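These numbers come from a predicted model, not from an experiment.
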Amino acid sequence: MIKAAFFDIDWTLYDHKAKRYVPSGIEAIKKLKKNGVKVYICSARPYNSMDLFGIFDLGIDWDGYIASAGAISVTNGKTVRKMLMKEEDTLAIIKKMKELGRTAEIVTPLERFLIAPTDEYVDSYHYVYTYQVPEVRDYKGEECTGMLLFLPEELDEEVHSVAPHLEWYRFHESGVDISYGIHEKGAAIQSIMDYLGLKKEETISFGDDTQDISMKKATGTFVCMGNGKDEVKAVADYVTDRIENDGLEKALKHFKLIK
């Protein structure tokens, strides 16, 4: 019996081509919740980005969320996992980025802010992603789960050399995520399962991108959307239809979790 389900947002719940949350998927999750299954968001987005993106305004009574690709996990209002960068590393990266005339986003457990005004690299990033530009302000030692650097690839080595022990993940021509330690959605899911006393076979997860592969390790069943990447489909327990073809709803019906 499935007791908890974990859902990625981008290209799983939200169709970026149509620029909307797919109604059939949202209604399916509501039915799942009504059937007694706990439902969780499991996103690479930080909490503030998820909030501004409207994930908490869909009429779904979420039982919790995983944010920043696994740095933060919350269930029943309690934070059960929190991975933070060291303040000296955050300050070192900020100093280097400002020397280069570039900006970066500081991500805290609940907020985000830029260390300098937007530029052409932020604009390039915004063109691909629905990016809600946060305010610009100084870093004052806030808890930092990670940073989003806006810079061209040719500057990677110079910036990374300031703190080479940090995890470095370039996922866009203008965007790099950095963190202290590897953020994994699967590990964050496990923290919630441990807290609730759930068994692996009592959980299911849904995703589409490579960051979602770790969800497969943690949950009993991992579903890849039909629009997902080939390497994700290759490890999935089940590949459903594409997001725009009601893939999420179809998967939940396939596993007889909703009617």
Side-chain angles (χ1 to χ4, degrees), residues 6 8-10 40-53 64-74 79-98 100 102-116 121-122 125 128-129 131-132 134 137-153 155-192 205 207 209-218:
F6 299 83
D8 174 49
I9 295 177
D10 298 278
Y40 292 87
I41 305 160
C42 189
S43 178
R45 290 174 177 266
Y47 173 84
N48 179 260
S49 175
M50 294 193 299
D51 187 22
L52 293 176
F53 204 52
Y65 62 86
I66 289 166
S68 297
I72 300 292
S73 57
V74 175
T79 300
V80 295
R81 176 180 170 89
K82 184 191 292 186
M83 295 180 65
L84 301 175
M85 284 179 58
K86 295 180 179 179
E87 185 175 347
E88 56 264 35
D89 290 335
T90 304
L91 289 169
I93 296 293
I94 289 173
K95 180 180 178 182
K96 173 57 70 173
M97 291 293 286
K98 287 188 173 181
L100 294 170
R102 304 270 67 91
T103 190
E105 179 183 286
I106 305 294
V107 180
T108 79
L110 293 177
E111 298 180 301
R112 300 175 299 139
F113 59 92
L114 292 172
I115 61 171
Y121 297 102
V122 178
Y125 182 86
V128 176
Y129 296 91
Y131 179 69
Q132 306 89 356
R137 72 170 190 258
D138 292 330
Y139 173 70
K140 298 179 181 178
E142 295 94 337
E143 289 186 333
C144 177
T145 59
M147 298 175 66
L148 170 56
L149 312 183
F150 297 100
L151 78 166
E153 189 171 356
L155 294 179
D156 282 8
E157 185 175 349
E158 182 175 355
V159 178
H160 197 189
S161 66
V162 172
H165 54 281
L166 294 179
E167 294 296 325
W168 188 275
Y169 175 56
R170 175 171 285 280
F171 62 96
H172 181 261
E173 62 181 12
S174 299
V176 176
D177 275 333
I178 63 172
S179 62
Y180 185 78
I182 298 175
H183 292 177
E184 280 198 340
K185 291 184 177 183
I189 289 174
Q190 189 64 55
S191 69
I192 290 176
S205 57
D209 209 342
T210 52
Q211 280 192 323
D212 302 325
I213 291 176
S214 68
M215 298 167 76
K216 156 74 175 179
K217 303 174 186 177

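- Note that OH of Tyr65 is 9.0 Å distant from OG of Ser73, once rounded to the nearest 0.5 Å.
- Residues Met97 and Thr103 come closest through the heavy atom pair CE-O, 3.1 Å.
- Note that OG1 of Thr145 and CG of Leu84 are 7.0 Å apart. Values are rounded to the nearest 0.5 Å.
- Remark: Leu91 engages Glu87, Tyr139 in a side-chain contact (heavy atoms from CB on, under 4.5 Å) (not counting sequence neighbours).
- From Lys140, atom NZ reaches atom CD1 of Ile106 across 13.5 Å, with rounding to the nearest 0.5 Å.
- With rounding to the nearest 0.5 angstrom, the CD atom of Glu143 is 7.5 Å from the CD1 atom of Ile72.
- The structure places CG of Asp138 at 12.0 Å from CG of Leu114, a figure rounded to the nearest 0.5 Å.
- Heavy atoms only, all atoms of each residue included: Leu151 and Val176 are closest at CD2-CG2, 4.0 Å.
- Judged by distance alone, with hydrogens and angles left aside, the side-chain atoms of His183 form no donor-acceptor pair with the main-chain N or O of Ala44 at under 3.5 Å.
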Check your understanding: Does the pair Tyr180 and Met83 meet the rule for a side-chain contact (heavy atoms from CB on, under 4.5 Å), with working shown?
Key -> CA-CA 7 Å; Tyr180 185 78; Met83 295 180 65; over 6 Å; no

Check your understanding: Between His160 and Ile178, does a side-chain contact (heavy atoms from CB on, under 4.5 Å) hold up when you go through it step by step?
Key -> CA-CA 9 Å; His160 197 189; Ile178 63 172; over 6 Å; no

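- Here the closest heavy-atom approach between residue Met50 and residue Ser43 is recorded as SD-CB, 3.7 Å.
- Both the sub-6.0 Å distance and the 45° axial angle are not jointly satisfied by Arg102 relative to the ring of Tyr121.
- The shortest non-hydrogen separation linking Gly186 to Ser214 is N-OG, 2.9 Å.
- Counting only residues at least two apart or in different chains, salt bridge (charged side-chain N to carboxylate O under 4.0 Å, His left out) contacts with residues 166-182 comprise Asp156-Arg170.
- In this view, Arg137 and Glu111, Glu135, Glu142 satisfy the salt bridge (charged side-chain N to carboxylate O under 4.0 Å, His left out) rule, not counting sequence neighbours.
- Counting all heavy atoms, side chain and backbone alike, Phe53 lies closest to Gln132 at CD1-NE2, 3.3 Å.
- The main-chain N or O of Gln211 is never found under 3.5 Å from a side-chain atom of Lys185 such that the two would form a donor-acceptor pair.
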Review point. Would Ile66 and Ile192 satisfy side-chain contact (heavy atoms from CB on, under 4.5 Å), going step by step from the backbone distance to the final call?
Key: CA-CA 9 Å; Ile66 289 166; Ile192 290 176; 3.9 Å; yes

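- Residue Leu100 qualifies as enclosed at atom CG: its count of foreign heavy atoms under 6.0 Å is above 12.
- Pairing each heavy atom of Gly207 with each of Asp8, the nearest pair is CA-CB, 3.9 Å.
- For the side-chain contact (heavy atoms from CB on, under 4.5 Å) test, residues two or more places apart in sequence or in another chain that qualify with Lys95 are Glu99.
- Taking the side chain as every heavy atom from C-beta outward, Pro109 and Thr79 never approach each other to under 4.5 Å.
- Within a 6.0 Å sphere centred on CD of Glu157, other residues, nucleotides and ligands contribute 12 heavy atoms or fewer.
- Between Leu149 and Trp168 there is a side-chain heavy-atom pair separated by less than 4.5 Å.
- Separating the CD atom in Glu105 from the SG atom in Cys144 is a distance of 10.0 Å, to the nearest 0.5 Å.
- Taking the six-membered ring where the residue is Trp, Tyr40 and Phe6 present parallel rings, their angle staying beneath 30° rather than reaching 60°.
- Shown here are the side-chain contact (heavy atoms from CB on, under 4.5 Å) partners of Lys217, two or more places apart in sequence or in another chain: Glu184.
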Exercise for review: Please report the C-alpha distance between Leu148 and Phe171 in whole Å, then the side-chain angles of each, then the deciding distance to 0.1 Å, and finally whether the side-chain contact (heavy atoms from CB on, under 4.5 Å) criterion is met.
Suggested key: CA-CA 10 Å; Leu148 170 56; Phe171 62 96; 3.8 Å; yes

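- Between the side chain of Arg45 and the backbone N or O of Asp10, no donor-acceptor pair lies under 3.5 Å.
- Among residues two or more places apart in sequence or in another chain, the salt bridge (charged side-chain N to carboxylate O under 4.0 Å, His left out) test is passed with Arg81 by none.
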